[in-house]
Amino acid sequence: MRIAILGGDGYCGWATALYLSSKGHTIAIIDNFVRRQWDFELGVQTLTPIRTLPERLLVWQELTGRTIETFVGDITDYDFLAATISGFQPDAIVHFAEQRSAPYSMIDRKHAVFTQVNNVVGTLNLLFAIRELAPDCHLVKLGTMGEYGTPNIDIEEGFITIEHNGRKDRLPFPKQPGSFYHLSKVHDSHNITFACKIWGLRATDLNQGVVYGTVTDEVTMDEGLINRFDYDDVFGTVLNRFCAQAAIGVPLTVYGKGGQTRGFLDIRDTVRCIEIVCNNPADRGEFRVFNQFTEQFSVLELAQLIKAVGGDLGLKVQIDHLPDPRVEAESHYYNAKHSKLEDLGLEPHLLSDGLVNSLINVAIRYRDRIDPSMFAPQVNWRVANNERRIVNALRPELLSEKVRG
Ligand code: NAD
Ligand code: USQ
């Protein structure tokens, strides 16, 4: 298949592009490198020393003989996007190209607006481009489990059948997102549902849980292919942060009671899920929703697991409970369904299998690059204008040159 990976220079996108390329698909990466600019803006960097996209792609080509085409630009720019879709003519488009950090979207008005414009306009442009230029193409869109929030009932995969005043209907599952970022995903889902209905597009919305790990067969082929590992207070996700903290003997930062329960999956399962979904496209006019995660844990369970496993590796791990900077339930019911991808053939990698090799050992290997000042949370949900340290103003026209190398 011809598969366009929007956001292919990012964490999930890079691993997916290489995986699908290794399976023989023709891949194009579309990215504007804004993720690298956000690091520059916040004064943070990935724990792992990632190369520029041209350098990474050259390593891939030399190792495998496979070429991946690149289109550098912003998908909120419709002319750029339309020219790209029309030039590449994809069978499937995997859309990762959004601002994905909840804390980033909660810094202040500017960052909230940026997040929603970037995400909602990018996706809306994409829907119009598909309709106009590739109407049979399958849109594989990354949503998030956080769209549902933490209701006191079981979470279904996208839809729930409700009986009300003697009548019955299958309706979208209620959404209670917990940040302006998570809200942007809900807005996207509504726009995609509507476009499928009115134009007969085909789309799969993947409500993905928190992804962990850096190791896939392809990125470990060479140091030059290494993937991101973010541990800072804005882009670092909880498991990465805990492993980086454990690696240098800093107490693990559990927010509040730590009863916050989320769905998690190994990056090896992210790439496999995308393959499964591309191989089993939605029908014309169909809007499908799959919950993409494999196991659920509370934040405190993760901290205790890392303490135990880290202890076996000789690390001295302590657990701290910080006041929760977010507005979220600190203990709650959580039972989210996630069987549709397994029904299509996903064989999950469990955390017990990936924790040491894909996380703790990577954190130990690069621990000299860890900046401990990145652990304290600096973005509080209750504050409209957080004074998080902004090191560099975001100036895309200058920065894009810088990050391209
Ligand atoms: P990432 O930030 O590492 O990658 C996103 C990529 O998209 C970056 O390379 C960035 O430069 C690019 N991008 C962003 N806006 C763009 C635009 N307007 N035009 C062109 N390129 C643009 O993020 P990730 O962790 O790989 O996440 C990918 C997707 O998966 C996101 O949509 C995210 O919401 C979703 N997701 C991620 C996780 C996770 O744990 N990482 C979990 C659930 C869902
Ligand atoms: N948390 C801590 N301590 C920390 C960091 C986080 O206790 O040091 C807690 C948070 O308060 C939250 C939970 O851990 O309750 C998860 O936070 P996170 O930063 O790991 O993940 P989140 O903000 O939910 O976002 C991440 C990705 C996002 C994706 C989402 C999937 O950044 O792109 O959409 O996971 S989900 O959580 O299912 O919505």
Side-chain angles (χ1 to χ4, degrees), residues 5-16 29-39 46 53 71-77 80-81 94-106 114-115 117-119 121-123 125 141-150 177-179 181-182 184-185 188 206-212 227-228 230-231 233-242 244-245 252-265 267 270 291-293 296-300 302-303 320-322 324-330 336 375-377 381 400 403:
I5 311 282
L6 275 53
D9 188 46
Y11 167 59
C12 298
W14 177 239
T16 303
I29 285 180
I30 293 123
D31 206 300
N32 65 346
F33 307 130
V34 68
R35 177 69 190 82
R36 294 170 185 252
Q37 295 177 30
W38 293 324
D39 280 349
T46 147
L53 184 63
F71 297 86
V72 176
D74 187 333
I75 64 162
T76 65
D77 169 355
F80 160 76
L81 182 65
V94 186
H95 179 17
F96 292 110
E98 297 203 332
Q99 191 303 97
R100 68 114 178 117
S101 157
Y104 189 91
S105 75
M106 300 301 290
F114 177 90
T115 299
V117 170
N118 187 64
N119 295 1
V121 172
T123 299
N125 275 347
K141 165 67 170 48
L142 272 292
T144 176
M145 285 302 294
E147 291 182 44
Y148 301 118
T150 54
S179 72
Y181 153 71
H182 287 96
S184 74
K185 295 287 191 185
D188 284 344
L206 295 172
N207 283 341
Q208 186 169 238
V210 188
V211 187
Y212 61 81
N227 204 349
R228 308 187 60 91
D230 298 301
Y231 68 93
D233 62 307
V234 172
F235 278 95
T237 46
V238 62
L239 257 167
N240 287 14
R241 281 167 61 74
F242 286 178
Q245 289 158 352
L252 311 190
T253 52
V254 170
Y255 296 163
K257 292 187 197 137
Q260 302 93 314
T261 303
R262 302 286 183 267
F264 290 81
L265 75 161
I267 183 83
T270 293
N291 291 347
Q292 182 168 310
F293 72 97
Q296 65 177 56
F297 299 98
S298 75
V299 167
L300 189 57
L302 292 177
D320 249 10
H321 286 264
L322 276 56
D324 195 338
R326 305 187 184 195
V327 176
E328 60 186 353
E330 290 176 22
F375 289 134
W381 266 223
S400 54
V403 296

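Numbering of ligands and ligand atoms starts at 1, following listing order. Residue numbers start at 1 and run along the sequence shown.
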Tell me: protein heavy atom nearest [atom], and distance?
atom	value
atom 5 (C) of ligand 2	Tyr255 CE1, 3.5 Å
atom 3 (N) of ligand 2	Thr253 O, 2.6 Å
atom 35 (O) of ligand 2	Val210 CG2, 3.5 Å
atom 38 (O) of ligand 2	Met145 CB, 3.2 Å
atom 31 (C) of ligand 2	Thr144 OG1, 3.2 Å

Should one rank Val299, Asp233, Asn207 by closest heavy-atom distance to atom 14 (O) of ligand 2, which comes out on top?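 Selected option, by shortest heavy-atom distance: Val299.
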Residue selection (non-hydrogen contact nearest atom 17 (O) of ligand 2) among Arg326, Arg262, Glu328, Gln260: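 Among Arg326, Arg262, Glu328, Gln260, the closest heavy atom to atom 17 (O) of ligand 2 comes from Arg326.
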Non-hydrogen atoms of Gly263 versus ligand 2: any pair closer than 4.0 Å?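 Gly263: no contact with ligand 2 (<4.0 Å).
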Could you tell me whether ligand 2 has any atom less than 4.0 Å away from a heavy atom of Lys185?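 Per 4.0 Å heavy-atom rule, Lys185 does not contact ligand 2.
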Proximal ligand 2 atoms for [X], defined as those under 4.0 Å from one of its heavy atoms:
X	value
Ala102	23 (O)
Arg241	4 (C), 5 (C), 8 (O)
Gln208	31 (C), 38 (O)

Donor-acceptor contact below 3.5 Å, side chain [X] vs main chain [Y]:
X	Y	value
Asp320	Leu322	no
Ser179	His182	yes
Thr115	Gln99	no

Do [X] and ligand 2 have an N or O pair less than 3.5 Å apart?
X	value
Val238	yes
Tyr181	yes
Thr237	no
Arg100	yes
Gly146	yes

With sequence neighbours excluded, residues passing ring pair (Phe, Tyr, Trp, His ring centres under 6.0 Å) with Tyr11: none
Which pair of non-hydrogen atoms, one from Thr150 and one from Ala329, has the smallest distance, and what is that distance?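 Taking Thr150 first and Ala329 second, the nearest heavy atoms are OG1-CB, 4.1 Å.
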Note: Ala244 and Tyr231 closest approach over all heavy atoms is CB-CB, 3.9 Å
Give me each pair satisfying salt bridge (Lys or Arg N to Asp or Glu O under 4.0 Å) with a member in residues 94-103, each pair once, sequence neighbours excluded. Glu98-Lys141, Glu98-Lys185, Arg100-Asp230
Pick from Gln37, Arg36, Arg35: which one makes a side-chain hydrogen bond (donor to acceptor under 3.5 Å, both in side chains) with Asp39?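 That would be Arg35.
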If we count only N and O atoms by modelled type, under 3.5 Å, do the side chains of Gln208 and Thr270 hold a donor and an acceptor together?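 Thr270 and Gln208 do have a side-chain donor-acceptor pair below 3.5 Å.
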Ring-plane angle category for Trp38 and Phe114, please: parallel below 30°, perpendicular beyond 60°, tilted otherwise.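 Trp38 vs Phe114 ring planes: perpendicular.
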Is there side-chain contact between Ile75 and Ile30, with heavy atoms separated by less than 4.5 Å? yes
Measuring only between side-chain heavy atoms, which start at C-beta, is Trp14 closer than 4.5 Å to Leu53? yes
Less than 4.0 Å from some atom of ligand 1, heavy atoms are found in residues Gly7, Asp9, Gly10, Tyr11, Cys12, Asp31, Asn32, Phe33, Val34, Arg35, Gly73, Asp74, Ile75, Phe96, Ala97, Glu98, Arg100, Asn118, Leu142, Gly143, Tyr181, Lys185, Gln208, Gly209, Val210, Val211, Arg228
Test side chain to side chain contact (heavy atoms under 4.5 Å, CB included) applied to Val299 and Leu252, Asp324, Thr253, Val254, the passing residue: Val254
Test salt bridge (charged side-chain N to carboxylate O under 4.0 Å, His left out) applied to Glu330 - qualifying residues, sequence neighbours left out: none
